Amino acid sequence: MAHSPLQTPLESRPSGPLVGRIRVPGDKSISHRALILGALAVGESRISGLLEGEDVLNTAKSMQALGAKVERSGDFAWVVHGVGVAGFREPQSPLDFGNSGTGCRLVMGAVAGCPITAVFDGDASLRARPMRRALDPLALMGAKAIAGGDGGRLPLRLQGARDPLPIEYRTPVASAQIKSAVLLAGLAAPGQTTVIEQEASRDHTELMLKHFGAGIVTTAEGAHGRRITLTGQPELHGAKVVVPADPSSAAFPLVAALIVAGSDLVLSDVMTNPLRTGLFTTLREMGASIEETGQRGDAGEPMAQLRVRASRLRGVEVPPERAPSMIDEYLVLAVAAAFAEGTTVMRGLQELRVKESDRLEATAAMLRVNGVKVEISGDDLIVEGRGHVPGGGLVATHMDHRIAMSALVMGLASDKPVKVDDTAFIATLFPDFIPMMRRLGAEFS
Ligand code: S3P
């Protein structure tokens, strides 16, 4: 639960061209889901390319604690023997999700459909994040959260439903975590569970449920939304899952290559699910050279190779309806925007306030301390790009890996080095980030 109190600061310095070919770690969202669905299936699931970061390893441990057999069989290769839908056993000790909202909320959904009680906990960052958004629909399905404090924060005890009810639920915010929690609980309910979202959020749970044998139908709802209906109590069968490289992790070396003069970088196997590629669309609108080749797919998830070359960027306006498809990428987009010529306006970022940190405030602070003019107006972030960044600042990471990596990327092209106070949390998502960037030519010390 507690993370090491020792901070590991790092300085990022103006660097020469970033050149080479890399494969960033497996997609975080798909890795969590592969472990959870493997644990709820009957028989054996083989996962390759799993993200072996702390967040996902905590989900693996929670699946073991709930009765599934989860074993590492090689580098990034894992085998899961599941217990079947609603087959979890009561865990002996609290489930610790560390820094991960995704692991926590998805497993809450899976536990909500089982007649067991489990304690959910996490680190200081996760304990500060809202859980009601997942617990409210789960309560409608019959699960009970018995919490301390105001009831919406960890640690809390969740009592799953003996006879879960199927529901039709309209999510109050576009959140794949809320949607997934309801669908995972709905697996154990008889009849049809429906989730309606105003704006489509990442659909990995739907695609993977189908891959494991569930009946699930998605139709359009309004201009940008979706209606997803799952038929409950399916027999999920074990499956093979190949985890593509995480586009949200690729975002860091990708933006670094765009802003460091002379860079030419190839990123392989990057997942290109359109509900995750808002950053690539935006960067292309800004003038980025990102070439996509070799499209292929596995288990419904498309992937491709990206070649990125240093580019002159210009400011753009990013519409609010694009937010769900790039929700984790605004920090590093703000870095790209600071190096662009002109103003970039990013609209509708209210969800950034409830991530691993308040990312709206933290992004503005990261830029400001490095001499960039930035403003928060309501839920919008406005960055004045001047074609260069003065740098020289110390960035507070607030237990948030994406702030640490964004600031390190910024320092590679700014006039003066950029320091971050703590790089420890990078291990939650991208354990190899620092050595991988160094191999490409990044100067970190
Ligand atoms: C995720 C959904 C997003 C995202 C998170 C991963 C997922 O969160 O920020 O990193 O795997 O479902 P929300 O669903 O809360 O927007």
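Just so you know, ligand 1 is whichever comes first in the structure, and atom 1 is the first atom listed for that ligand. These numbers were taken from a predicted model, which means no experiment stands behind them. No hydrogens, no waters, no symmetry mates; every other heavy atom, side chains included, goes into these values.
With respect to atom 4 (C) of ligand 1, the closest heavy atom belonging to the protein is D328 OD2, 3.3 Å. Residue, atom and distance of the protein heavy atom nearest to atom 6 (C) of ligand 1 are T102 OG1, 3.2 Å. Among protein heavy atoms, the minimum distance from atom 11 (O) of ligand 1 is reached at S29 OG, 2.7 Å. In terms of protein heavy-atom proximity, atom 12 (O) of ligand 1 is nearest to R33 NH2, 2.7 Å.
Geometrically, ligand 1 and S180 share no nitrogen or oxygen pair separated by less than 3.5 Å. The shortest N or O to N or O distance between R133 and ligand 1 is not under 3.5 Å.
Proximity to A176 (heavy-atom distance under 4.0 Å) selects the following atoms of ligand 1: 12 (O), 14 (O).
Side chain to side chain, S175 and S201 fail the donor-acceptor criterion of an N or O pair below 3.5 Å. Checked by atom type, the side-chain pair R33/T205 shows a donor-acceptor distance below 3.5 Å.
Comment: D400 does not engage K355 in a salt bridge, judged by the lack of any side-chain N to carboxylate O separation of less than 4.0 angstrom. R276 has a carboxylate O that lies under 4.0 Å from a charged side-chain N of D246, or vice versa, which qualifies the two as a salt bridge.
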Chi angles and distances behind the side-chain contact (heavy atoms from CB on, under 4.5 Å) call for R226, V195: CA-CA 8 Å; R226 289 188 170 182; V195 180; over 6 Å; no
Run S29 and R202 through side-chain hydrogen bond (donor to acceptor under 3.5 Å, both in side chains) and show every step you take. CA-CA 9 Å; S29 296; R202 63 190 71 193; 2.8 Å; yes
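K355 counts as a contact of ligand 1, since one of its heavy atoms falls under 4.0 Å from the ligand. Contact between K28 and ligand 1 is present, with at least one heavy atom of the residue lying under 4.0 Å from the ligand.
Between F120 and F97, the ring-plane angle classifies as parallel under the 30° and 60° cut-offs.
When heavy-atom distances to ligand 1 are checked against a 4.0 Å cut-off, R202 comes that close only through its side chain, counted from C-beta outward.
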